Amino acid sequence: MNIPFLDNWRKRQGGTREMALAAAVEIDPDGVAELFAECELLRATAGQCGLELDDSPASLSALDQLPPIWRDDPEELPWVGNDAGLYLGTVLVRTVPGAAWDILAGGKPVVRLTSGREIDVVAAGLDWAMSGSPELSEMYAESAESGPEAKTR
């Protein structure tokens, strides 16, 4: 993930990109959450199909129903998958009490639930983009079940 402001911070601090991202999550978790929520390519692709993503669990079900037009472009597919994972994580963080972004070694973003469970949302998004399985709504439901009851929007 190329995040220019983190590169600049890392150079000043003498750390790695992974350390910069992990520090950013600790220092400004809301800012990082907003950055992860952008998902520009996924939002644009959904918009082409008439779907506006509103960061709700229902929008995950709607995404699951889209025709997988991104599979026709092998260069676009992994980017849509990455965005789909970050979008899944965004919905979890915004609707499941206590869910929060965390950065694992190597710079991998995950969603950590209050139970301590880590959800590799980017891997789930890539699997969804490539094969449609597991569905994003299914991943959300399974994850939301393992924590406190989900908030409604």
Side-chain angles (χ1 to χ4, degrees), residues 1-48 51-64 66 70 75-130 134-153:
M1 181 179 296
N2 183 19
I3 306 172
F5 79 86
L6 288 176
D7 288 338
N8 293 334
W9 182 89
R10 176 182 51 88
K11 287 175 189 169
R12 287 193 312 269
Q13 304 300 317
T16 64
R17 174 174 280 160
E18 293 80 17
M19 287 173 50
L21 187 53
V25 168
E26 286 184 29
I27 294 167
D28 185 11
D30 293 337
V32 172
E34 286 302 313
L35 183 67
F36 286 167
E38 286 182 8
C39 310
E40 279 186 52
L41 183 58
L42 181 68
R43 290 180 190 276
T45 302
Q48 290 172 357
L51 174 61
E52 183 179 337
L53 300 179
D54 63 1
D55 301 347
S56 70
S59 67
L60 294 171
S61 295
L63 272 173
D64 288 337
L66 289 182
W70 52 87
E75 290 183 22
E76 187 175 291
L77 189 142
W79 294 105
V80 169
N82 187 74
D83 275 10
L86 293 176
Y87 185 72
L88 170 62
T90 295
V91 175
L92 283 165
V93 167
R94 291 185 175 172
T95 62
V96 176
W101 286 105
D102 196 7
I103 306 301
L104 299 181
K108 181 193 289 191
V110 297
V111 172
R112 187 178 306 277
L113 303 176
T114 56
S115 66
R117 180 174 172 210
E118 296 170 349
I119 302 165
D120 187 348
V121 292
V122 172
L126 289 168
D127 289 345
W128 173 83
M130 288 190 287
E135 291 184 339
L136 297 174
S137 58
E138 180 183 312
M139 284 294 301
Y140 174 84
E142 177 187 304
S143 300
E145 266 181 22
S146 65
E149 193 165 328
K151 297 185 275 191
T152 56
R153 283 191 107 208

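The shown structure was predicted, so the numbers you read here are calculated from the model rather than taken from an experiment. Heads up: numbering here begins at 1 and tracks the sequence.
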ask   = Can you pull the ring-ring contact (aromatic ring centres under 6.0 Å, His included) pairs that have at least one residue in residues 95-124, sequence neighbours excluded?
value = F36-W101
inquiry  = Going by the rule side chain to side chain donor-acceptor pair (under 3.5 Å), which residues pair with E118 if we only count those two or more places apart in sequence or in a different chain?
reply    = R112
key: Any side-chain heavy-atom pair of P109 and V122 under 4.5 Å   = yes
From L86 atom CG to L42 atom CG, the distance as rounded to the nearest 0.5 Å = 9.5 Å
inquiry  = A side-chain contact here means heavy atoms from C-beta on lying under 4.5 Å apart; do S143 and V111 qualify?
reply    = no
inquiry  = For a quick test of reading the model, state the closest non-hydrogen atom pair linking P78 to L126 and the distance between them.
reply    = O-CD2, 3.4 Å
key: side chain to side chain donor-acceptor pair (under 3.5 Å) involving T90 - partner list, sequence neighbours excluded   = none
query = Backbone N or O of E135 within a donor-acceptor pair of the D64 side chain at under 3.5 Å?
reply = no
request  = Applying side chain to side chain contact (heavy atoms under 4.5 Å, CB included), name anything that partners W70, two or more places apart in sequence or on another chain.
outcome  = T45, L66, P68, E76, L77, V80, W128, A129
note = Nearest heavy-atom contact between L113 and A99 is CD2-CB, 3.9 Å
inquiry  = Quick one, V91 and Y87 - any side-chain contact, counting heavy atoms below 4.5 Å?
reply    = yes
task = Find the distance between CG (D83) and CG (L88) and round it off to the nearest 0.5 Å.
result = 12.5 Å
query = Looking at CG of L104 and CG of D120, how far apart are the two atoms once the value is rounded to the nearest 0.5 Å?
reply = 7.5 Å
Which pairs would a plain distance check flag for residues 21-33, meaning a side-chain donor or acceptor within less than 3.5 Å of a matching protein atom at least two apart in sequence or in another chain?
from	atom 1	to	atom 2	distance (Å)
D28	OD1	G31	N	3.0

ask   = So do the side chains of I119 and E142 get within less than 4.5 Å of each other, counting heavy atoms only?
value = no
inquiry  = Which heavy atom of S137 sits nearest to which heavy atom of S61, and what is that distance?
reply    = CB-OG, 3.4 Å
query = Which salt bridge (Lys or Arg N to Asp or Glu O under 4.0 Å) pairs, counting each pair once, include a residue from residues 33-44, with sequence neighbours left out?
reply = E34-R94, R43-D55
key: Nearest non-hydrogen partners of A144 and V96, listed with the distance   = CB-CG2, 3.9 Å
